[in-house]
Amino acid sequence: MKGEMNRRTFLKRTAATGAALGLMNLGLSQQQPTADQLVRGKNPKLVVLSSRPIVMESTLELLGSEPITSKANLFIRNNIDLPGLNTTEPNVQPGWEVEITGLVDKPFKITVDELSKLPQTEVTSVLQCSGNGRSFFNPRPSGNPWTYGGIGHVTWRGVLLKTLLEAKGVKVDPRARFITMNASTQGGAQPYEKSYPISVMEYNSAMLALGMNGEPLPAVHGGPVRLVVPGTFGAPNVKWVVKIEFAANESSGAEQVPRYRVPILPGWNLPILPTEPGSRYNYTLENSRSNWGANINSFILSPLPGATVRGRLVEIRGVAWNDGLAPIESIEVSLNGGTTWRKAIIERNHGKFGWYRWVSPQLLAPGQYEAMVRATDAVGRSQPLNGNIWWNERGYEWNGVMRVRFTVT
Ligand SMILES: Nc1nc2c(c(=O)[nH]1)N[C@H]1C(S)=C(S)[C@@H](COP(=O)(O)O)O[C@H]1N2
Ligand SMILES: [Mo]
């Protein structure tokens, strides 16, 4: 009923301004910039979801084309664009400072140059926007209409937060339960502030990343320095970080609440509290939680949707990942709508935060097929056949079983 009303109101409004809007849209869509026009060095095949702020997603084809997602093919999610940083080139600013403050015995500032002289660590992890898959929720929540491409698999290099504190001989007050991070507001950019529980940060080896895929961190991906929390969704991975504050409480800024949250029963972090699809939810710090650890999920990257492939032997391939806190133990493929499942062969060679690659060899007669895949980890976390059971107003953390139709000749 409510959805019906909204649609009607929308149609009425559209009709009222129809002529003017129609013309404007036509003009705009003809000039819609491509990914490479918006950000120097990006693959024009990336799909632009918004040009201000810049949001673009990768494609299944590009994700399947390389074991580590190159900077050209990596998605971008800006809430706030920083002027002059729309490039995959490095942001060379050795004097850039990061302030470590709050509940620590000796607050301090450190430059990027000094950071680069401390012991460096490398970690390969999945970077995924918690809105990835949003457009599969029904009804579709508002927000960027991500399909599958708000994800990448990259290698970070930088200084562990732990290493930095040790090197500086700085102790964290036991009352500190959260870490709040701030991004630069240079060029008049709006603030971007996110908090994460220290427990999550410890598990996940939070790092001040200076490099990506063996190169200096691209400017558009947070260069010169970005906080990376392997195993978490994208939002806490604060680009252009200037301040890290140890705090007793979580930030109450808009990026913390109501944004980037899912409903919970107060006191219960998992699972998402089921809400009526299409309903409204009044997000508070108590009745919801941030998008923290990544939900277990898996994608089919070959065959691509709609592809025609040669039989008899067809290798169905893809990737799977979770928050890295428990290994993924099984990845299963079904070709009959979930009636039977066959275990895929799993290959894991990028550590616990990287994605697992899998292959399922199948002998297939000519015909039409629909492949489904689901992953399960060592603590039994898996994916729902119907991802809509976790429908939430803002459309986060989709992990419904993926289905891909293809033809065998
Ligand atoms: N400073 C800053 N950091 C940010 C954001 C932002 O808008 N500003 N977006 C966050 C979100 S929601 C995501 S999904 C990731 C996207 O990282 P990427 O643009 O490098 O792909 O960055 C996170 N860090
Ligand atoms: Mo995101």
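Ligands are counted one by one from 1 in listed order, and the atoms in each one are counted from 1 as well. All figures in this text were calculated on a predicted structure; none of them were measured in a lab.
Taking the six-membered ring for Trp and thresholds of 30 and 60 degrees, F406 and Y369 have nearly parallel ring planes, at less than 30 degrees apart. Ring pair Y196/W292 is perpendicular by interplanar angle, where above 60° counts as perpendicular and below 30° as parallel.
A salt bridge does not link E99 with K109: every distance from a Lys NZ or Arg NE/NH1/NH2 to an Asp or Glu carboxylate oxygen is 4.0 Å or more.
For ligand 1, the 4.0 Å heavy-atom shell contains residues F75, I76, R77, N78, N79, I80, L127, C129, A183, Y192, H221, R226, G234, A235, N237, V238, K239, W240, Y260.
S360 and Q362 are linked by a side-chain donor-acceptor pair at a separation below 3.5 angstrom, with hydrogens and angles left out of the test.
Sorted by first and then second residue, the salt bridge (charged side-chain N to carboxylate O under 4.0 Å, His left out) pairs involving residues 252-274 (not counting sequence neighbours) are E250-R261, E255-R259.
Figure legend: cation-pi geometry between R134 and Y396, with NZ or CZ positioned under 6.0 Å from the six-membered ring centre and within 45° of its axis.
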